[in-house]
Number of protein chains: 2
Amino acid sequence: MAPESSEQPALEELDRAECLRLIAPGGVGRVAYDDGEGPAVVPVNYTVDGESVLFRTSVSGRLNRSLLSAVTGGQVRAAFEVDHFDEGSRTGWSVLLRGGAHRLSDDERDKAVRVDPWPGGEREAWFRLAALEISGRRLLGT
Amino acid sequence: MAPESSEQPALEELDRAECLRLIAPGGVGRVAYDDGEGPAVVPVNYTVDGESVLFRTSVSGRLNRSLLSAVTGGQVRAAFEVDHFDEGSRTGWSVLLRGGAHRLSDDERDKAVRVDPWPGGEREAWFRLAALEISGRRLLGT
């Protein structure tokens, strides 16, 4: 049996509508981008706006500054991942959005759905990742 | 006050030893890599071996195949992220390892710490990400 056909049904692909439904409540997601030294991943608070995710982060902190620097002045390819796993039952799901991220202007920011970031302090950089591709998987347990 | 100095102590940087201590139990982490079409992120089961993380994934599935393809035949820059957040208290931590990932040979695989993957089915591709850089942050709540 070829490896391609040996996957058991414990892992199922999710369609776009189900992916959007799962991430709709917002919360914590992870943005991945390239800062010129390879991939980096930063957890952020997010909210969903159509087929985009909106998130904001501090302008301080090295990784945040590299995200800001990568995105400022244009759009960069980025990925946004949200997941939920239950260690006990070994079930869960993950959703991945891939597309372009750009920093919101003050005007766009004012119109955007409000994101409530957890950490205190200055939280000035807002971003939108518009999904070109949405995929997800559900882990049904073994 | 400049944005750089307005960060409140609610977010603290973690040192390397604390990062390694936090991720030591293993479980679910997220590997970020570039598949030629920008960043992608895949959740995987992992275990820690010194300053490396070992993880394995199916050879099937589009993202897994792109990871396999990116890593096969050499080493690729990758990032590995582990976090734990409590929605109620708005506290938590995240750790990021950045470095090179390579696929383990059968020999290396036999010597490696055993990783117990959750999904059933064929789980043949093993990887090691050796950390060149380890960073982390703890969110103390607001």
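A note on names: the letters A, B, ... follow the listed sequences, proteins ahead of strands, and every chain is numbered from 1. Keep in mind the model is a prediction, meaning the values are calculated, not measured.
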Under 4.5 Å heavy-atom distance to chain A, tell me which part of B:V42 shows up: side chain, backbone, both or neither.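 Side chain only.
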Relative to chain A, which segment of B:E133 carries a heavy atom at a distance below 4.5 Å: side chain, backbone, both, or neither?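 Only the side chain of B:E133 comes within 4.5 Å of chain A.
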A:A40 portion near chain B, given a 4.5 angstrom heavy-atom threshold: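 Both the backbone and the side chain of A:A40 come within 4.5 Å of chain B.
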Tell me which one of B:V31, B:L132, B:L129 satisfies side chain to side chain contact (heavy atoms under 4.5 Å, CB included) with B:L97.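 By the side chain to side chain contact (heavy atoms under 4.5 Å, CB included) criterion, B:L97 pairs with just one of B:V31, B:L132, B:L129: B:L129.
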Taking it one step at a time, do B:D34 and A:R77 satisfy side-chain contact (heavy atoms from CB on, under 4.5 Å)? CA-CA 10 Å; B:D34 193 306; A:R77 294 208 64 112; over 6 Å; no
As an exercise: rank A:G99, A:S135, A:A32, A:G92 by heavy-atom pairs under 4.5 Å with chain B and give me the winner.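 Winner by heavy-atom pair count: A:A32.
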Step by step, would you call B:E51 with B:L20 a side-chain contact (heavy atoms from CB on, under 4.5 Å)? CA-CA 7 Å; B:E51 299 204 344; B:L20 288 169; 3.6 Å; yes
Start with the C-alpha gap between A:I23 and A:Y46, add the side-chain angles, then the distance that decides, and say whether side-chain contact (heavy atoms from CB on, under 4.5 Å) holds. CA-CA 9 Å; A:I23 67 171; A:Y46 78 97; 3.7 Å; yes
Nearest heavy atoms of B:F55 and B:N45, plus distance in Å: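 Distance-wise, the nearest heavy atoms are CB-O, 3.2 Å.
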Selection from B:E81, B:E13, B:E37, B:R98 maximising heavy-atom pairs under 4.5 Å formed with chain A: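 That would be B:R98.
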